Amino acid sequence: MTTKKRGPGPKKAQAIGLARGLTNYGDADFSLYMRRSFAKSMGYSPEMLARPVVGIAQTASGFNNCHRHFPELVEAVKRGVIAAGGLPLDFPTISLGEVFLAPTSMMFRNLMSMDVEEMIRAQPMDAVVLLGGCDKTVPAQLMGAASADVPAIQLVGGPMLPSSYKGERLGACTDCRRFWAKFRAKEVSAGEIAEIEGNLVTTAGSCAVMGTASTMAAIAEALGMTLPGTAAIPAVHADRLRAAEASGRAAVGLIASKIKPSQVITQRSVENALRVLLAIGGSTNGLIHLTAIAGRLGIAVSLARLNELSDTTPVLVDLKPTGQYYMSDLHAAGGIGAVLRELKPLLHLDCMTVSGDTMRERLAAESGWVDRSVVRGLAEPYQKQGGLAALFGTLAPNGAIIKRSAADPKLFEREGRAVVFESLDDLAARIDSPDLDVRADDFLVLQNAGPKSGYAMPEAGYLPIPTKLSRAGVKDMVRISDARMSGTAFGTVVLHVSPESAVGGPLALVRNGDRIRLSVSQRKLDLLVDEAELARRRGAHRPLTLQAERGYAKLYIKSVLQAEHGCDFDFLRKAL
Ligand code: FES
């Protein structure tokens, strides 16, 4: 196979619509003739086939409940494209339904991003509407679109509506975890937990709280990759269909304006997105995904810079798991636009958006309605500092993350005894054992759950409180791992420890009874074991040398990077 650089020839650079990127039969005119002949079999008129083409990357799947309304959204996008003079052609890509994938959806985000990138590039489209929603789909689409760099607009599916149970509002999935913890502590019966199961997820759309899907929708809007005001519209609201139609129209507009993802996703818009991530109390996963998206365009996201931004960006939004409200409340309160307007003095306002307006123009055009019970003002924030903090120290030389907005501050400045689980299997086998030597002030440590662990960095960092402690009323403990955590979870959980244990990071050297010091105020995470002892352990340690025989698993194990690089594949990032 040759390694010739891909790129259109002079003729292809001019081509639009179906004339783009012709299949190579050695005769370009014949290739176009063939393509039109086959396209006509779908019943299109010559006039329609002469229009510019808007691809619609759609991700409806029987394995993705969050996307069950996508066929209707696709129709609305098509309506908008046709009204604006384009030819809409939808195409399927991989869909990642968060709870239907093993070992974890995270393993397949990069695969989906490659699918999106290659199908955008290989098929003849002048612009593309990316239709995603569930946690990994939006980052995968933005990563792929950034690499393909064809004019693109993100349309998210929108959040679910909350439901109710015995007078209490319920929404996936902060409440899933809350009730499951109560069930484990015997505060909720088996009958009740079964009844609650039918009330947690009751509509189409992504999780109803500020989990990873909602965080990524907000990030996409803050980057300028969605139309203004569309991130938080509930999935089942008629405005969601209108947003889809408008996105179709806007995609045709992008063909004329030639605005590409590389002009929208810049160092400055990535900083805007980080500000929003911090101000909404967004998911820790959002940081990994934003790092990966930025990395596709050669933009670095530094954890030290994250801390600087976090010190000067308060949490403004009172949403679960940080606060009390749901995404539908945020939409009614003014949406991400209300958050952006509050953050205005901190934002780079010259950033371009897919609507063709700069962030400054976008914000100037908005009415300014805000419900202060959901979106607080900059002067009277929900929390004074940003939702995330990066920690560094002898236990995490390359960094770790804590979502301080959804944690118990009483546990932030602590020294504790390590109770170590060597793997997820070890955790499952022993966490509820009556013989487990554990106290409420211990630090639970999970090893070998990072990107290269063989578990593909699952959302297992939210270790359950050992049953004997939860039944005694313990609600939170310090938990440390190289895993991730669901954006819907609450707890004093230190995640993404890097380098991970599987590649021999210091986390692998922690032993039961070691002392660990956590200081969120000083951004420190230290293993209090002397260097001679650590050197002895390092010498005896055998890092996991996981191999996969074949296929995608082999590519993943070989190529996946650590959390601070967004867990992207080494060969997909653009040189920084
Ligand atoms: Fe799809 Fe939560 S499971 S967004």
Side-chain angles (χ1 to χ4, degrees), residues 58-70 73 93-109 112 130-142 154-163 169-180 196-221 226 230-237 240 277 280-286 288-290 319-322 326-328 330-331 336 403 406 456-462 484-490:
Q58 63 116 329
T59 47
S61 160
F63 291 97
N64 195 339
N65 61 288
C66 302
H67 294 193
R68 75 169 155 91
H69 57 315
F70 277 21
L73 284 181
T93 71
I94 293 170
S95 185
L96 301 175
E98 189 61 23
V99 299
F100 293 97
L101 290 154
T104 164
S105 64
M106 187 62 185
M107 181 164 167
F108 304 103
R109 183 203 61 181
M112 181 176 171
L130 308 159
L131 189 38
C134 195
D135 290 18
K136 308 302 181 294
T137 58
V138 171
Q141 290 181 327
L142 289 174
Q154 181 78 55
L155 172 67
V156 298
M160 300 169 195
L161 291 183
S163 167
R169 294 175 91 197
L170 295 189
C173 230
T174 303
D175 297 320
C176 317
R177 294 169 203 286
R178 183 164 62 88
F179 278 104
W180 190 252
I196 290 163
E197 182 182 292
N199 286 286
L200 287 165
V201 185
T202 55
T203 76
S206 47
C207 285
V209 298
M210 190 51 81
T212 303
S214 301
T215 301
M216 289 313 302
I219 282 177
E221 186 168 333
T226 70
T230 57
I233 303 168
V236 297
H237 197 300
R240 176 57 58 200
L277 169 65
I280 60 179
S283 161
T284 45
N285 290 316
I288 290 185
H289 298 321
L290 180 58
L319 243 66
K320 290 189 178 196
T322 297
Y326 293 88
M327 281 299 286
S328 51
L330 175 60
H331 174 59
I336 295 302
K403 186 174 178 180
M457 205 181 187
E459 291 185 338
Y462 175 76
R484 295 177 301 115
M485 174 174 85
S486 165
T488 62
F490 181 100

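Because the structure is predicted, anything quoted here is derived from the model rather than measured. Ligands are counted one by one from 1 in listed order, and the atoms in each one are counted from 1 as well.
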Please work out, at 4.0 Å between heavy atoms, whether the side chain, the backbone, both, or neither of S206 comes within that distance of ligand 1. both
Hey, which atoms in ligand 1 end up nearer than 4.0 Å to a heavy atom of E98? 3 (S)
Identify the two heavy atoms, one from F100 and one from F63, that lie closest to each other, and give their separation to 0.1 Å. CD1-O, 3.0 Å
Approximate separation, where rounding is to 0.5 Å, of I280 CD1 and I336 CD1: 5.5 Å
Is the closest side-chain donor-acceptor distance between H289 and R109 under 3.5 Å? yes
What are the two closest non-hydrogen atoms of R240 and A231, and how far apart are they? NH2-O, 3.8 Å
Identify, by atom number and element, the atoms of ligand 1 in contact range of A213, meaning under 4.0 Å from any of its heavy atoms. 4 (S)
Say you draw a straight line from CD of E197 to SG of C176; how long is it, rounded to the nearest 0.5 Å? 10.0 Å
Which ligand 1 atoms does C134 reach within 4.0 Å, using its non-hydrogen atoms? 1 (Fe), 3 (S), 4 (S)
Does ligand 1 have a heavy atom under 4.0 Å from the side chain of C66, from its backbone, from both, or from neither? side chain
Within a distance under 4.0 Å of any heavy atom of C207, pick out the atoms of ligand 1 and give their elements. 2 (Fe), 3 (S), 4 (S)
Please report the interatomic distance CE(M160) to CG(N65), rounded to the nearest 0.5 Å. 5.5 Å
Is there a heavy atom of D135 sitting under 4.0 angstrom from any atom of ligand 1? yes
